[in-house]
Amino acid sequence: MTAKLIKGTEIRDEILGEIKQEVENIKTKYGVVPGLVTILVGENPASISYVTAKIKAAQSLGFKEIQDNQPEDITEQQLLALIDRYNKDDSIHGILVQLPLPKGIDEKKVLNAIDPDKDVDGFHPVNVGRLMIGGAEVKFPPCTPAGIQELIVRSGFETKGAEVVVVGRSNIVGKPIAIMMLQKAANANATVTVVHTATKDLAYHCKRAEILIVAAGVPGLVKPEWIKPGACVIDVGVNRVGEKISEKTGRKVAILKGDVDFDAAKEIAGAITPVPGGVGPMTITMLMRNTLNSLKFKLGIAGT
Ligand code: NAP
């Protein structure tokens, strides 16, 4: 292997350590800690495991964590009233509603009811607008793109003037990371191209990329010959391609593959993220950082 492996788990631990230290400092100086509420409706096993991971992370950092589990038959009105209560609760700085919500509840309506200043997922239209404007306007960059940016920067890649190609234009990954890398700001200031299913020559664009970010959800889409030698390759894709028996637990687990042909690409790229263990561990970490920042905005100490 010639490429440097960008280990999301190591960078995650580094950032969690920084957050924990800040939480302790703020607690000592101001007597408050970040407060996060996770609202889980129903008993979808995947949602339970996502929420549990978020709760564990928040608790390990010394946050106040409220786990608000609601029954499957909660009405939209009741859910909106619950959100309103947390919007008004001064000890809560981040509100997270785990998706998907049961049929009959309008997800958009529910997410848009969250106070934009507590929307630590960063999906509220107000926060999308802030992200587009950039600079000091930005409060909560969406978590996966924020994690991608950290992976690039902390791996030592220069973003200023870099040719960045983003494969995919979803609202949760492709579009926001493209906007973030485009901003005239530190850790960004790149020349950005976004490609998608209507792009005429995907290979041509990928080959130009000094930083290639792939978020298509198609296993092995990016071929090794599409990679510029020495490029930084961030593989966001998480694709279930089968099942295997875990050696650790003896239970069936999913076999996961990224959007890049990792084994061949690692011989050409300068640095590459593995799947799993690359972008994945960063998402919850960025959620924690957004929650900490929400408190810092409230205290008037953001940016310090
Ligand atoms: P999505 O909403 O399905 O969007 C996929 C994007 O890729 C679309 O813009 C689509 O183009 C484009 N695309 C798909 N096939 C393509 C092809 N053959 N050539 C060019 N472009 C193509 O997916 P997403 O939510 O952004 O997620 C993408 C992947 O990242 C998934 O595997 C997902 O599981 C993973 N993911 C991982 C994390 C994490 O924390 N690690 C977080 C979020 C997502 P069109 O717009 O033209 O359809």
Side-chain angles (χ1 to χ4, degrees), residues 5-12 15-16 46-47 49-54 56-57 96 98-100 107-108 111 120-123 128 131 140-152 154-155 164-181 192-209 212-227 233-242 253-262 265 272-290:
L5 197 62
I6 302 176
K7 292 184 186 157
T9 44
E10 276 179 14
I11 296 177
R12 169 198 64 192
I15 297 173
L16 288 178
S47 296
S49 91
Y50 293 141
V51 163
T52 305
K54 290 167 190 171
K56 272 191 188 161
L96 188 130
Q98 187 64 47
L99 300 180
E107 282 185 357
K108 211 168 159 190
L111 294 184
V120 285
D121 256 339
F123 293 140
V128 176
L131 191 80
F140 308 121
C143 301
T144 300
I148 294 169
Q149 193 174 31
E150 285 292 343
L151 290 176
I152 296 167
R154 290 185 188 234
S155 302
V164 171
V165 174
V166 180
V167 183
R169 56 177 164 187
S170 71
N171 287 332
I172 63 164
V173 189
K175 276 190 217 163
I177 189 61
I179 292 295
M180 288 162 74
M181 298 308 289
V192 181
T193 305
V194 183
V195 297
H196 44 76
T197 55
T199 298
K200 285 186 183 132
D201 191 342
L202 209 57
Y204 163 78
H205 290 287
C206 291
K207 271 187 219 166
R208 291 191 300 106
L212 179 62
I213 301 166
V214 192
V218 180
L221 173 70
V222 172
K223 310 289 176 263
E225 60 273 21
W226 297 7
I227 293 171
V233 179
I234 305 291
D235 189 352
V236 191
V238 181
N239 306 292
R240 287 167 176 259
V241 294
V253 289
I255 301 172
L256 301 178
K257 273 223 152 64
D259 289 351
V260 178
D261 178 351
F262 179 84
I272 188 166
T273 55
V275 177
V279 176
M282 297 298 291
T283 302
I284 290 181
T285 308
M286 294 298 109
L287 180 74
M288 298 302 132
R289 193 166 77 180
N290 278 350

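This structure is a prediction, so every number in the text was calculated from the model and none was measured. In each ligand, atom 1 is the first atom listed, and ligand 1 is the first ligand listed. Each residue takes its place number in the sequence, starting with 1.
Taking every heavy atom of both residues into account, L202 and H196 meet most closely at CD1-O, 4.2 Å. The shortest non-hydrogen separation linking S170 to P176 is O-CD, 3.5 Å. Taking every heavy atom of both residues into account, P141 and M180 meet most closely at CB-CE, 3.9 Å. The shortest heavy-atom contact between D259 and A216 is OD2-N, 2.7 Å.
Those atoms of ligand 1 that come under 4.0 Å of a heavy atom in V218, given as number and element, are 15 (N). Atoms of ligand 1 found under 4.0 Å from any heavy atom of N239 (numbered from 1 in listed order, with element): 32 (O). The ligand atoms of ligand 1 that sit less than 4.0 angstrom from a heavy atom of H196 are 11 (O), 20 (C), 21 (N), 47 (O).
Between T193 and R208, some side-chain heavy-atom pair lies under the 4.5 Å cut-off.
Summarising the local packing, NZ of K56 is surrounded by 12 or fewer heavy atoms from other residues, nucleotides or ligands at distances under 6.0 Å. Within 6.0 Å of CZ on R154 lie more than 12 heavy atoms contributed by other residues, nucleotides or ligands.
Taking atom 16 (C) of ligand 1 as the reference point, the nearest protein heavy-atom neighbour is T197 CG2, 3.6 Å. Regarding atom 30 (O) of ligand 1, its nearest protein heavy-atom neighbour is V236 O, 3.4 Å. Nearest to atom 34 (O) of ligand 1 among the protein's heavy atoms is V238 O, 3.4 Å. Taking atom 7 (O) of ligand 1 as the reference point, the nearest protein heavy-atom neighbour is A216 CA, 3.3 Å. For atom 39 (C) of ligand 1, the nearest protein heavy atom (residue, atom name, distance) is T283 OG1, 4.0 Å. Looking from atom 43 (C) of ligand 1 to the surrounding protein, the closest heavy atom is V173 CG2, 3.7 Å. Atom 26 (O) of ligand 1 has its closest protein heavy atom at S170 OG, 2.5 Å. Scanning all protein heavy atoms for the shortest distance to atom 8 (C) of ligand 1 gives R169 N, 3.9 Å.
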| field | side-chain contact (heavy atoms from CB on, under 4.5 Å) between M282 and I15, intermediate numbers included | value | CA-CA 9 Å; M282 297 298 291; I15 297 173; 3.6 Å; yes
| message | Apply side-chain contact (heavy atoms from CB on, under 4.5 Å) to residues V164 and I152 and explain how you reach the verdict. | response | CA-CA 11 Å; V164 171; I152 296 167; over 6 Å; no
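Ligand 1 has at least one atom lying under 4.0 Å from a heavy atom of G280.
The protein reaches atom 36 (N) of ligand 1 closely, with a heavy atom under 4.0 angstrom from it.
Partner K257 forms a side-chain contact (heavy atoms from CB on, under 4.5 Å) with one of D235, V241, V218, V238 and no other, that one being V241.
Within the 4.0 Å heavy-atom criterion, the part of I172 lying near ligand 1 is the side chain and not the backbone. Contacts with ligand 1 closer than 4.0 Å are made by side-chain heavy atoms of T144 only, the backbone lying farther away.
Distances between N or O atoms of G168 and those of ligand 1 include no value under 3.5 Å. The shortest N/O to N/O separation between D259 and ligand 1 does not fall below 3.5 Å.
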